[in-house]
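Keep in mind that what you see is a predicted model, and the values were worked out from it rather than measured.
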Amino acid sequence: MPPQFSLAKSRNGGQQLRICGEFQRPLWIPYLFSGLSNLRVSVIRGTATRAATRDWDAAFDLDFSGCTRTPENIDYLALSQQQTPLASAPPTLSHFQITRRSDQSLEVLLQGPDQIGFLGRILAKLSMLTLFPTELEIDTVASQIRDRIVFLGIGGMPPNESIQKSLESMLQDLVSSG
């Protein structure tokens, strides 16, 4: 099913973006989040899961307080399909943890100070390691990012040990730079 986007009021009074369907580009999430960041829209919390059918089911609570456009006048599909220029500043982490799950995917827990565009930048950076998310749980609590992301490699294959070590090194550099 082609991707469908809808908006509704969220529990916190902001907007919730619902997304369902299949995306042809594996980088649709970093493109969407980078595009939102460029519009000064913050992703506060949300979940996304890719089913075995390759369809995504996602819901993200968005904060439009810094954006000059109305939520209804943004083409979310276009944002998810265009290669939005990514901010050059690397994201900052205060802590991370990597776990190999029973299905051999990598589960990554990320913590750091709240940063607009954080998830778009981190996912774009990790895609250089051929890691693509299959699950996301993101939250911002008391100006702190607490995200859980599950990754597989190209074609849904489990990442090998070399990629896991590169991931650990890349994330450690983000902790050190902060």
Side-chain angles (χ1 to χ4, degrees), residues 1-87 89-97 105 107-127 131-152:
M1 148 173 96
Q4 304 291 315
F5 294 78
S6 63
L7 277 175
K9 289 282 185 197
S10 65
R11 295 187 316 248
N12 64 358
Q15 295 286 325
Q16 184 177 77
L17 178 63
R18 296 264 332 160
I19 306 164
C20 297
E22 182 179 354
F23 289 84
Q24 298 303 313
R25 295 178 179 222
L27 296 178
W28 74 271
I29 296 173
Y31 292 165
L32 174 65
F33 286 3
S34 294
L36 290 170
S37 172
N38 289 342
L39 294 171
R40 308 298 299 160
V41 175
S42 292
V43 181
I44 304 300
R45 75 185 48 81
T47 60
T49 306
R50 190 181 83 180
T53 61
R54 298 181 49 115
D55 281 359
W56 281 90
D57 183 21
F60 299 110
D61 289 352
L62 306 177
D63 177 2
F64 286 85
S65 61
C67 181
T68 58
R69 295 176 60 187
T70 60
E72 300 79 16
N73 291 331
I74 296 173
D75 186 344
Y76 300 97
L77 180 60
L79 290 181
S80 72
Q81 293 177 336
Q82 66 186 17
Q83 289 185 328
T84 306
L86 301 170
T92 302
L93 295 175
S94 54
H95 177 75
F96 72 91
Q97 179 180 339
S105 61
E107 181 175 276
V108 179
L109 303 177
L110 303 171
Q111 294 179 356
D114 190 13
Q115 305 152 66
I116 194 161
F118 171 82
L119 203 54
R121 289 184 284 156
I122 199 89
L123 290 174
K125 194 165 185 57
L126 299 184
S127 72
L131 291 172
F132 304 100
T134 59
E135 292 178 41
L136 294 116
E137 285 181 21
I138 57 177
D139 203 1
T140 307
V141 177
S143 298
Q144 289 293 308
I145 293 167
R146 293 185 182 8
D147 295 349
R148 182 184 73 83
I149 310 168
V150 177
F151 291 99
L152 285 171

key: Phe118, Tyr76, Phe60 screened by ring pair (Phe, Tyr, Trp, His ring centres under 6.0 Å) with Phe33, the one that passes   = Phe60
query = Does CZ belonging to Arg40 count more than 12 external heavy atoms closer than 6.0 Å?
reply = no
query = Closest heavy-atom contact between Ser37 and Gly117?
reply = OG-CA, 3.4 Å
request  = Using a 4.5 Å cut-off on heavy atoms from C-beta on, say whether the side chain of Val150 contacts that of Val108.
outcome  = no
message = Would Asp55 and Met1 count as a side-chain contact (heavy atoms from CB on, under 4.5 Å) here? Give the steps.
response = CA-CA 7 Å; Asp55 281 359; Met1 148 173 96; 4.3 Å; yes
query = Is Leu62 close to Val43 at the side-chain level, that is, under 4.5 Å between some pair of heavy atoms?
reply = yes
query = What is the ring orientation for Phe23 with Trp28, classed by angle as parallel under 30°, tilted 30 to 60°, or perpendicular over 60°?
reply = parallel
task = For the residue pair Trp56 and Ile29, establish whether any side-chain heavy-atom pair is separated by less than 4.5 Å.
result = yes
task = For Ser127 and Leu27, work out which heavy atoms get closest and say how close.
result = CB-CD2, 3.3 Å
task = Could you tell me whether the side chain of Ile138 reaches within less than 4.5 Å of the side chain of Ile145, counting heavy atoms only?
result = no
ask   = Which pair of non-hydrogen atoms, one from Arg18 and one from Ala59, has the smallest distance, and what is that distance?
value = NH1-CB, 3.5 Å
request  = Looking only at non-hydrogen atoms, find the nearest pair between Ala48 and Ala58 and report the distance.
outcome  = CB-CB, 3.6 Å
key: Inter-residue atom distance Ile74.CD1 - Leu36.CG, 0.5 Å rounding   = 6.5 Å
request  = List the steps, then state whether side-chain contact (heavy atoms from CB on, under 4.5 Å) holds for Leu110 with Leu93.
outcome  = CA-CA 7 Å; Leu110 303 171; Leu93 295 175; 4.0 Å; yes
ask   = Is a donor on one side and an acceptor on the other found under 3.5 Å between the side chain of Gln16 and the backbone of Gly14?
value = no
key: Separation of Leu152 CG from Ser105 OG (nearest 0.5 Å)   = 5.0 Å
message = Apply side-chain contact (heavy atoms from CB on, under 4.5 Å) to residues Cys20 and Phe5 and explain how you reach the verdict.
response = CA-CA 7 Å; Cys20 297; Phe5 294 78; over 6 Å; no
query = Should Glu137 and Arg146 count as an ion pair when the cut-off is N to O under 4.0 Å?
reply = no
key: Side-chain donor or acceptor of Ser34 paired with backbone N/O of Tyr31 under 3.5 Å   = no
key: Pro90 and Arg121, any side-chain heavy atoms less than 4.5 Å apart   = no
Heavy-atom donor-acceptor pair, Thr140 side chain to Ile44 backbone, under 3.5 Å = yes
query = Is the closest side-chain heavy-atom distance between Gln4 and Leu77 below 4.5 Å?
reply = no
task = Report the distance from atom CG of Asp63 to atom CD of Gln15, rounding to the nearest 0.5 Å.
result = 10.5 Å
query = Is the closest basic N to carboxylate O distance between Arg148 and Asp139 below 4.0 Å?
reply = no
inquiry  = Ignoring hydrogens, what is the shortest heavy-atom contact between Pro71 and Leu7? Give both atom names and the distance.
reply    = O-CD1, 3.4 Å
request  = Please report the C-alpha distance between Ile149 and Leu119 in whole Å, then the side-chain angles of each, then the deciding distance to 0.1 Å, and finally whether the side-chain contact (heavy atoms from CB on, under 4.5 Å) criterion is met.
outcome  = CA-CA 10 Å; Ile149 310 168; Leu119 203 54; 3.8 Å; yes
request  = Report yes if some heavy atom in the side chain of Leu136 is under 4.5 Å from a heavy atom in the side chain of Asp147; otherwise report no.
outcome  = no
ask   = Are any of the side-chain heavy atoms of Leu126 and Phe151 separated by less than 4.5 Å?
value = yes
key: Check ion pair Arg50-Glu135 (N to O, under 4.0 angstrom)   = no
